[in-house]
J.: 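There's a structure below that I have some questions on.
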2 protein chains.
Amino acid sequence: MSKYLIYIVNKVFKALNDQTRREILNLLKEKDLTAGDIADAFQITKPSISHHLDILSQAELVTSQKQGQYVIYSLNTTVLDDLMKWIITLKD
Amino acid sequence: MSKYLIYIVNKVFKALNDQTRREILNLLKEKDLTAGDIADAFQITKPSISHHLDILSQAELVTSQKQGQYVIYSLNTTVLDDLMKWIITLKD
DNA sequence: CTATTATTTAGATATTTGTCTAAATACCTA
DNA sequence: TAGGTATTTAGACAAATATCTAAATAATAG
């Protein structure tokens with residue numbers, strides 16, 4: 001288990017250890033969304049959602065690009081491969 | 001995504017969101033160990049390890065059986081399948 | 001330019017979490 | 001039964017976290 005993988009996995013587990021953040025990822029699975037669209041899907045405030053999106057970004061579970069005054073978020077599943085690797089290592 | 005799976009995945013993510021607990025699982029991958037053996041592998045106190053083991057038990061990531069005055073812990077990888085299912089669902 | 005909309009940042013607060021020490025429980029052995 | 005070992009429980013405390021409101025930043029539209 002490389003130091004790099006341990007570092008990534010730590011961040012990803014942290015990011016995934018929250019129901020709201022997991023639901024955000026599920027929303028983004030369907031299609032890319034603006035920060036506002038994502039916030040509208042939850043009962044919590046926009047700043048809180050912004051914070052969740054930041055944590056997801058740090059874990060590289062989402063990417064974002066600015067389009068005018070909007071910020072569009074997309075799901076990024078590449079780190080999930082690292083996560084799977086970690087889990088499989090535990091299994092065999 | 002069933003309510004049951006969401007419930008399980010929530011507990012498992014909680015349990016896995018800690019370096020010490022992840023290391024405990026890695027130790028148990030090699031062989032079953034008593035609570036004391038596990039505690040000896042870390043710098044933190046026995047009560048703290050006991051607490052970590054409790055969280056891992058609640059998530060069903062470990063099982064335990066009493067053998068005399070010892071409690072022997074074993075890795076249980078079955079919930080990891082549920083976790084994998086959740087991840088794969090996100091990926092495709 | 002000014003007002004409006006979208007998003008993030010800053011700072012405060014309550015809750016959760018990881019850790020500790022001390023005590024309790026359970027089992028074993030002489 | 002008494003003393004020792006293994007483990008857990010209870011309670012305290014500091015650090016981390018999720019949330020909020022208010023303010024700042026950035027872009028658009030009139």
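A note on names: the letters A, B, ... follow the listed sequences, proteins ahead of strands, and every chain is numbered from 1.
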J.: On DNA chain C, compare the nucleotides closest to A/N17 and A/L53; which residue's is nearer the 5' end?
T.: A/L53

J.: Please tell me which of B/V71 and A/G68 maps to the more 5' nucleotide of DNA chain D, matching each residue to the nucleotide holding its nearest heavy atom.
T.: B/V71

J.: Closer than 4.0 Å, any side-chain N/O of B/T20 to the OP1 or OP2 of C/dG18?
T.: no

J.: Below 4.5 Å, heavy atoms only, C-beta onward: do B/L61 and B/L80 meet side chain to side chain?
T.: yes

J.: Is it possible for you to say whether B/W86 and A/M84 belong to one hydrophobic cluster, with membership spreading through side-chain heavy-atom contacts below 4.5 Å?
T.: yes

J.: If I take atom NZ in residue A/K14 and atom C1' in nucleotide C/dG18, what distance separates them, rounded to the nearest angstrom?
T.: 11 Å

J.: Near DNA chain C, under 4.0 Å by heavy atom, which residues of residues 38-49 of chain B?
T.: B/I44, B/T45, B/P47, B/S48

J.: If we count only N and O atoms by modelled type, under 3.5 Å, do the side chains of A/K3 and A/Y7 hold a donor and an acceptor together?
T.: no

J.: Please report the distance, rounded to the nearest Å, between NZ in A/K66 and P in C/dT5.
T.: 17 Å

J.: Counting N and O atoms only, with roles assigned by atom type, does the side chain of B/S2 sit under 3.5 Å from a partner on the main chain of B/L5, one being a donor and the other an acceptor?
T.: yes

J.: If we only count heavy atoms from C-beta on, is the A/I6 to B/R22 side-chain gap below 4.5 Å?
T.: no

J.: What is the first contacted nucleotide of DNA chain D and what is the last, in 5' to 3' order, if contact means an atom lying under 4.0 angstrom from a heavy atom of chain B?
T.: D/dG4 to D/dT9

J.: Could you state the NE2-P distance from A/H51 to C/dG11, rounded to the nearest angstrom?
T.: 14 Å

J.: If you take any heavy atom closer than 4.0 Å to DNA chain D, which residues from residues 22-30 of chain B end up in contact?
T.: none

J.: Looking at A/D40 and A/K46, does any basic side-chain N land under 4.0 Å from a carboxylate oxygen?
T.: yes

J.: B/Q69 CD to C/dT29 P: how many Å, rounded?
T.: 7 Å

J.: Phosphate oxygens OP1/OP2 of C/dT19: is one of them under 4.0 Å from a side-chain N or O of B/H52?
T.: yes

J.: Just so I know, are the side chains of A/L83 and A/F13 near enough to count as touching, which here means a heavy-atom distance under 4.5 Å?
T.: yes

J.: Output the rounded distance in Å from CG (B/L56) to C1' (C/dG18).
T.: 13 Å

J.: Could you tell me whether B/D54 contacts a base, only the sugar-phosphate backbone, or nothing, with contacts defined as non-hydrogen atoms closer than 4.0 Å?
T.: nothing

J.: Indicate yes or no: at least one non-hydrogen side-chain atom of B/L16 is less than 4.5 angstrom from one of A/V9.
T.: no

J.: Would a distance-only check, ignoring hydrogens and angles, find a side-chain to backbone donor-acceptor pair under 3.5 Å from A/R21 to A/K14?
T.: yes

J.: Say whether, by atom type as modelled, one donor and one acceptor occur between the side chain of A/K11 and the main chain of A/E60 under 3.5 angstrom.
T.: no

J.: Can you find a pair of side-chain heavy atoms, one from A/V62 and one from A/N76, that are under 4.5 Å apart?
T.: no

J.: In this structure, how many angstroms lie between the C1' atom of C/dT17 and the CG atom of B/L16, rounded?
T.: 16 Å

